[in-house]
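All remarks here apply to the structure that follows.
What you see is a predicted model, and the numbers here were worked out from it, not measured in a lab. Atoms considered below: every heavy atom in the structure, side chains included; atoms not considered: hydrogens, waters and symmetry mates.
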Amino acid sequence: MKPFKAIGAVALLCVACASASGCAQQASAETASAYSVKVGDCVNDGDKAGTVTTVTIVPCSTSHDSEAFSSVELPRGSYPGATNIQTTATKTCEADFETFAGIAYTETKLLDFSWYHPTAASWKQGDRTILCFIESTNSRREPIPTVGTLRNAQR
């Protein structure tokens with residue numbers, strides 16, 4: 001398990017990440033709210049730790065840390081707690097990983113996943129989205145930059 005990163009009112013939990021979209025088409029790097037990242041976006045957020053409110057969205061055709069590949073909306077109601085959200089994020093991201101990457105998460109040592117998820121504070125503001133990210137790793141599962149989409153990477 002990799003370290004936890006809180007993203008603004010969203011949290012990036014680097015644990016294990018995948019699904020439906022290729023890279024977003026963007027002309028250049030753009031600093032944006034962590035809430036504005038969507039499936040298909042590629043980001044450079046590897047240096048972020050603790051609570052973060054902005055990330056750098058870059059064209060997937062350039063070097064980047066990770067790519068958003070799947071999302072799920074949590075049901076309304078009271079905040080389910082960090083542990084329950086992390087369990088849902090792990091299950092969701094791992095389930096969608098193979099569809100996106102073309103290889104089961106348990107069969108790769110060169111890809112990993114992570115996610116952004118609601119915190120107790122962002123939940124109060126209506127945040128219900130878990131956003132899954134895929135990233136390239138070396139053989140020790142340490143993240144490394146990549147260029148291009150990881151859709152069907154099969155590594």
> From Cys132 SG over to Phe100 CZ, what is the distance, rounded to the nearest 0.5 angstrom?
Replying inline: 11.0 Å
> Which heavy-atom pair separates Pro59 from Ala29 by the least distance, and what is that distance?
Replying inline: CD-N, 4.0 Å
> Checking side-chain contact (heavy atoms from CB on, under 4.5 Å) for the pair Val43/His64: CA distance, chi angles, key distance, verdict?
Replying inline: CA-CA 6 Å; Val43 300; His64 56 275; over 6 Å; no
> Roughly how far, to the nearest 0.5 Å, is the OG atom of Ser71 from the CZ atom of Arg128?
Replying inline: 15.0 Å
> Are Thr56 and Asn44 linked by a side-chain donor-acceptor pair shorter than 3.5 Å?
Replying inline: no
>> Once rounded to the nearest 0.5 Å, what's the spacing between atom CG of Leu111 and atom CD of Glu107?
In response: 12.0 Å
>> If you define the side chain from C-beta out and look only at heavy atoms, does anything of Val37 sit under 4.5 Å from Leu131?
In response: yes
>> Donor-acceptor check, side chain of Asp127 to backbone of Trp123, threshold 3.5 angstrom: yes or no?
In response: no
> How many angstroms lie between atom CD of Gln125 and atom OG1 of Thr119, to the nearest 0.5 angstrom?
Replying inline: 8.0 Å
> Would Leu150 end up clustered with Ile103 when hydrophobic side chains under 4.5 Å apart are linked, directly or stepwise?
Replying inline: yes
> Is the backbone N or O of Ala89 less than 3.5 Å from a side-chain atom of His117, with the two atoms forming a donor-acceptor pair by type?
Replying inline: no
> Are side-chain heavy atoms of Tyr105 and Asp112 found at a separation under 4.5 Å?
Replying inline: yes
> Considering only heavy atoms from C-beta outward, does the side chain of Thr88 approach that of Ile85 to under 4.5 Å?
Replying inline: no
> In Å and rounded to the nearest 0.5 Å, what is the CD to CD1 distance from Glu73 to Ile130?
Replying inline: 9.0 Å
> Between Thr92 and Trp115, is a side-chain contact (heavy atoms from CB on, under 4.5 Å) present by the stated rule, with each step listed?
Replying inline: CA-CA 10 Å; Thr92 298; Trp115 58 81; over 6 Å; no
> Are a donor atom and an acceptor atom from the side chains of Glu142 and Thr137 found within less than 3.5 Å of each other?
Replying inline: no
> Using a distance-only test with no angle check, is there a side-chain donor-acceptor pair under 3.5 angstrom linking Asp45 and Tyr116?
Replying inline: yes
>> With heavy-atom distances below 4.5 Å as the criterion, would you say the side chains of Cys42 and Glu67 are in contact?
In response: yes
>> Could you check whether any side-chain heavy atom of Leu74 comes within less than 4.5 Å of a side-chain heavy atom of Pro118, counting everything from C-beta outward?
In response: yes
>> Looking at every non-hydrogen atom in both residues, tell me the closest pair between Thr149 and Arg151 and how far apart they are.
In response: OG1-N, 3.1 Å
> Does a side-chain heavy-atom distance below 4.5 Å link Ile57 with Ser36?
Replying inline: yes
>> For the OG atom of Ser136 and the CZ atom of Arg141, what is their distance to the nearest 0.5 Å?
In response: 11.5 Å
>> Closer than 3.5 angstrom, by distance alone: can the side chain of Asp96 be matched with the main-chain N or O of Cys93 as a donor-acceptor pair?
In response: no
